[in-house]
Amino acid sequence: MVSPTNFLLHAFLWLALAATAFSLSPNFYHNVCPQALPAIKRVVEAAVHKERRMGASLLRLHFHDCFVNGCDGSLLLDSTSSFETEKNAGGNLNSVRGFEVVDQIKAEVDRVCGRPVVSCADILAVAARDSVVALGGPTWKVRLGRRDSTTASRTLADNVLPSASMDLPALINNFKNQGLNKRDLVALSGGHTIGLSQCLIFRNRIYNATDIDPAFAKERRATCPRTGGNTNLAPFDPTPSRFDTAYFKNLVKEKGLLTSDQALFSGGSTDKLVETYSKNPNAFWVDFGKSMIRMGNIKPLTGKQGQIRVNCRKVN
């Protein structure tokens with residue numbers, strides 16, 4: 001007869017093995033397809049070289065994917081008779097982009113691996129890291145082994161994606177709901193050091209806010225009129241193609257483009273961290289990498305859950 005101690009030991013070992021089998025790991029594709037990550041990097045570098053803004057777009061895809069039911073590639077799915085695409089949610093419509101690049105990455109990875117072994121969710125996670133690196137930012141070890149969802153939820157996306165009009169308490173709460181803390185909030189918001197925003201999103205701030213540098217507001221109004229010009233673009237900071245700390249330097253000077261940007265430096269509990277990042281690039285880089293790993297760990301599908309999509313836009 002098996003002793004209770006032996007049984008418990010076996011059970012514990014089995015659980016440990018199961019946890020290891022189904023937890024994410026940077027080495028997940030090492031044996032299955034060692035060429036996978038270099039292939040992703042090649043396509044991302046080419047896309048960012050062709051259009052610098054694409055780096056920010058690919059980073060944002062991963063973020064907007066993870067916040068809606070975890071990092072499961074659900075954002076990439078087009079509408080079907082059974083669900084509406086998350087691309088139509090308020091925070092995504094006419095705004096998220098880079099889907100063609102994801103298709104290119106998927107085609108190249110499946111070509112070098114000889115079959116579909118890399119999930120679309122993992123492609124988003126790696127492409128986000130490679131985009132940041134391509135624009136001069138930090139690197140980090142991306143945990144891998146996510147699987148792809150078989151459904152999407154526009155309603156959930158509408159409810160959980162952070163909005164550009166949020167104040168600090170709302171932002172803190174929004175991130176807390178994802179298991180992320182204030183440091184994650186400030187570090188990940190620093191992703192706005194690259195990329196551009198549309199006039200429609202920041203118009204209210206540049207015409208009505210009181211916590212805004214007057215010269216900065218005037219400069220932004222030049223390309224964002226009170227009516228019309230909704231899709232006119234403006235950078236979050238003076239160096240939108242370079243991953244640096246200019247975003248945080250802007251916040252300290254009340255030159256945050258979005259209400260949710262300036263909220264991080266508005267006399268609240270995150271002011272000190274914004275100041276630290278504005279003066280210490282290394283502190284920002286380290287924290288950004290750690291927070292990207294934490295965000296990438298939000299509710300992944302692993303093991304036998306979900307699937308590895310053949311086409312990132314469709315369920316198999």
Side-chain angles (χ1 to χ4, degrees), residues 51-61 63-64 67-68 75 84-99 135 154-155 157-175 185-186 188-242 244-268 270-271 274 278:
E51 185 204 11
R52 305 288 281 174
R53 182 187 173 202
M54 188 52 71
S57 301
L58 292 171
L59 173 61
R60 190 159 177 252
L61 281 182
F63 172 50
H64 281 220
F67 264 54
V68 185
L75 174 57
E84 186 183 355
T85 178
E86 290 169 18
K87 297 171 189 176
N88 290 345
N92 291 332
L93 190 63
N94 300 322
S95 166
V96 283
R97 59 196 291 278
F99 299 106
L135 293 173
R154 181 211 160 148
T155 313
D158 273 327
N159 291 330
V160 300
L161 286 174
S163 121
S165 59
M166 282 182 173
D167 62 9
L168 186 59
L171 287 166
I172 290 170
N173 194 47
N174 181 279
F175 274 63
L185 163 64
V186 180
L188 293 171
S189 296
H192 281 178
T193 179
I194 52 175
L196 311 163
S197 181
Q198 297 184 28
C199 165
L200 175 68
I201 310 295
F202 60 83
R203 177 183 284 124
N204 185 47
R205 173 159 164 76
I206 61 170
Y207 285 100
N208 301 315
T210 50
D211 59 342
I212 190 166
D213 176 83
F216 173 73
K218 189 181 176 191
E219 184 189 349
R220 285 289 153 261
R221 287 176 196 152
T223 54
C224 180
R226 278 186 189 274
T227 50
N230 281 353
T231 56
N232 291 0
L233 297 168
F236 288 102
D237 75 16
T239 53
S241 296
R242 200 162 68 233
D244 54 22
T245 56
Y247 168 78
F248 295 109
K249 289 182 173 138
N250 258 17
L251 297 187
V252 175
K253 297 175 194 158
E254 293 197 322
K255 293 181 179 182
L257 186 61
L258 310 182
T259 301
S260 56
D261 290 324
Q262 197 57 56
L264 303 176
F265 191 83
S266 54
T270 52
D271 279 19
V274 169
S278 75

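- Although no hydrogens or angles enter the test, the distance criterion places no donor-acceptor pair under 3.5 Å between the side chain of Asn88 and the main chain of Leu93.
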Apply side chain to side chain contact (heavy atoms under 4.5 Å, CB included) to Phe216 and Glu254, showing your working.
-> CA-CA 9 Å; Phe216 173 73; Glu254 293 197 322; over 6 Å; no
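- Between His192 and Phe236, the two ring planes are parallel [angle under 30°; tilted spans 30° to 60°].
- A heavy-atom distance below 4.5 Å is not found between the side chains of Pro240 and Ile194.
- Contact between Thr227 and Arg203 at its shortest, heavy atoms only, is C-NH2, 4.2 Å.
- Rounding to the nearest 0.5 Å places CG of Leu58 at 15.0 Å from CZ of Phe63.
- When the shell of 6.0 Å around CG of Asp167 is examined, it contains more than 12 heavy atoms from other residues, nucleotides or ligands.
- Between the Gln198 side chain and the Asn94 main chain, a donor and an acceptor come within less than 3.5 Å of each other.
- In terms of heavy-atom proximity, Ala234 sits nearest to Leu257 at O-CD2, 3.8 Å.
- Distance alone, capped at 3.5 Å, places no donor-acceptor pair between the Ser278 side chain and the Phe248 backbone.
- Each of Lys87, His64, Arg154, Glu86 was checked for a side-chain hydrogen bond (donor to acceptor under 3.5 Å, both in side chains) with Asn92, and the lone residue meeting it is His64.
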Worked check of salt bridge (Lys or Arg N to Asp or Glu O under 4.0 Å) between Lys255 and Glu219 = CA-CA 11 Å; Lys255 293 181 179 182; Glu219 184 189 349; over 6 Å; no
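- Residues Pro162 and Leu171 come closest through the heavy atom pair CB-CD2, 4.4 Å.
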Apply side chain to side chain contact (heavy atoms under 4.5 Å, CB included) to Leu61 and Leu75, showing your working.
-> CA-CA 8 Å; Leu61 281 182; Leu75 174 57; 3.8 Å; yes
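- In this structure a side-chain-to-backbone donor-acceptor pair under 3.5 Å is missing from Asn232 to Cys199.
- Counting heavy atoms from C-beta outward, Leu168 and Leu185 have side chains that approach closer than 4.5 Å.
- Residue Arg53 qualifies as enclosed at atom CZ: its count of foreign heavy atoms under 6.0 Å is above 12.
- With hydrogens and angles disregarded, no donor-acceptor distance shorter than 3.5 Å links the side chain of Asn173 to the backbone of Pro169.
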Should Arg97 and Met54 be marked as a side chain to side chain contact (heavy atoms under 4.5 Å, CB included) after you check the CA-CA gap, both sets of side-chain angles, and the distance that decides it?
-> CA-CA 8 Å; Arg97 59 196 291 278; Met54 188 52 71; 4.0 Å; yes
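- Remark: Asp211 engages Arg205 in a salt bridge, criterion side-chain N to carboxylate O under 4.0 Å.
- Counting only distance, with no hydrogens or angles, the side chain of Gln262 and the backbone of Leu251 share a donor-acceptor pair below 3.5 Å.
- Across Ser163 and Ser260, no two heavy atoms sit closer than the pair O-CB, 3.8 Å.
- Here the straight-line distance linking atom CG of Asn159 with atom CZ of Phe67 works out to 14.5 Å at 0.5 Å rounding.
- Here the CZ-CD1 distance, from Phe175 to Ile172, works out to 10.5 Å after rounding to the nearest 0.5 Å.
- Two residues are said to be in side-chain contact when any heavy atoms from C-beta on lie closer than 4.5 Å; Ile206 and Cys224 meet this criterion.
- Panel note: side chain Asp271, backbone Ser266; a donor-acceptor pair is recorded below 3.5 Å.
- Under the side-chain hydrogen bond (donor to acceptor under 3.5 Å, both in side chains) test applied with Tyr247, the options Asp261, Thr239, Asp237, Thr193 reduce to a single match, Asp261.
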So Ser197 and Leu258, side chain to side chain contact (heavy atoms under 4.5 Å, CB included) or not? Walk me through it.
-> CA-CA 9 Å; Ser197 181; Leu258 310 182; 3.7 Å; yes
